[in-house]
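Here's the structure we're looking at; comments come further down.
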Amino acid sequence: MSAKRESQLKPILIVEDDATFGELLVANLTAHGYRSEIVPTVEAAIDQLERGLRPSLVLLDINLPGETGWALMRGDSLANSGDPPVVAISAIPANPRRLAQYHLAGYLPKPFAMETLRATIERLLSKQGREVS
């Protein structure tokens, strides 16, 4: 990915309650030219989306304090923010029917290699054309 294109990408929204893992994700994505916004709960994600955040992609932990990641998928906040692709990231196995039900763009079981995460992001952003105009 070119430096010019990287600077044009909308941020990746990371919904992750494990602060250490979240910091690792942000550091790795930043080192590879991605901008990110991290929040620890679905409620905080909804707040950011309602305040105008328009992410290029969402990395969504499923097992969170408060509402689960599925609650974000059931609501209107993602659709109202441009309907970005969502990749579930979870240590708990996800039911394939549920993944299909919510039209998730991907699922990465924790732990996963950062190279796998970046390849998934690059594939989805390239496929979806999620650049800022």
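Side chains are part of it too, since the values below use all heavy atoms of this structure and drop only hydrogens, waters and symmetry mates.
Contact annotation: the side chain of Asn28 never approaches that of Leu117 to less than 4.5 Å [non-hydrogen atoms, C-beta and beyond]. Side-chain contact between Leu72 and Leu78 is present, with at least one heavy-atom pair separated by less than 4.5 Å. Contact of the Pro55 side chain with the Pro84 side chain is registered, since non-hydrogen atoms from C-beta on lie closer than 4.5 Å. Arg54 is listed as a side-chain neighbour of Ser81, based on a closest heavy-atom distance under 4.5 Å. Counting only heavy atoms from C-beta outward, the side chains of Leu59 and Leu13 never approach each other to under 4.5 Å. Contact of the Tyr107 side chain with the Ser90 side chain is registered, since non-hydrogen atoms from C-beta on lie closer than 4.5 Å. Between Leu108 and Thr116 there is a side-chain heavy-atom pair separated by less than 4.5 Å.
One finds the CH2 atom of Trp70 at 11.5 Å from the CG atom of Asn63 (value rounded to the nearest 0.5 Å). Atom CG of Leu99 is separated from atom CG of Asn95 by 7.0 Å, given to the nearest 0.5 angstrom. Atoms CD and NE2, on Glu122 and His32 in that order, are 8.5 Å from each other to the nearest 0.5 Å. Residue Thr120 holds its OG1 atom at 10.5 Å from CG of Leu125, rounded to the nearest 0.5 Å.
Hydrophobic clustering keeps Leu104 apart from Leu124 (ILVMFWY residues linked when any side-chain heavy atoms are closer than 4.5 Å, directly or through intermediates). Hydrophobic cluster membership differs between Val87 and Ile62, with clusters built from Ile, Leu, Val, Met, Phe, Trp and Tyr side chains linked at under 4.5 angstrom. Val86 and Ile121 fall into different hydrophobic clusters, where Ile, Leu, Val, Met, Phe, Trp and Tyr residues are linked whenever their side-chain heavy atoms come under 4.5 Å apart, directly or through other members.
Remark: of the listed residues Val26, Ile38, Leu57, Leu25, Leu57 is the sole one forming a side chain to side chain contact (heavy atoms under 4.5 Å, CB included) with Ile12.
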Please report the C-alpha distance between Lys10 and Tyr34 in whole Å, then the side-chain angles of each, then the deciding distance to 0.1 Å, and finally whether the side chain to side chain contact (heavy atoms under 4.5 Å, CB included) criterion is met. CA-CA 9 Å; Lys10 298 177 191 175; Tyr34 294 101; over 6 Å; no
Evaluate the side chain to side chain contact (heavy atoms under 4.5 Å, CB included) criterion for residues Ile14 and Glu37: first the C-alpha distance (whole Å), next the side-chain angles of each, then the deciding distance (0.1 Å), finally the verdict. CA-CA 6 Å; Ile14 303 168; Glu37 177 82 25; over 6 Å; no
Between Arg35 and Leu29, is the side chain to side chain contact (heavy atoms under 4.5 Å, CB included) condition met? List the steps. CA-CA 7 Å; Arg35 293 186 308 129; Leu29 293 175; over 6 Å; no
Solution key, residues 41-53 side-chain donor-acceptor pairs under 3.5 Å, sequence neighbours excluded:
residue	atom	partner	partner atom	Å
Thr41	OG1	Ala44	N	3.0
Glu43	OE2	Glu67	N	3.1
Asp47	OD1	Arg51	NE	3.2
Asp47	OD2	Arg51	NE	2.9

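Applying the salt bridge (Lys or Arg N to Asp or Glu O under 4.0 Å) test to residues at least two apart or on different chains, the pairs with a partner in residues 101-120 are Glu16-Lys110, Asp61-Lys110.
Note on ring orientation: taking the six-membered ring where Trp is involved, the planes of Phe112 and Phe21 are perpendicular (angle over 60°, cut-offs 30° and 60°).
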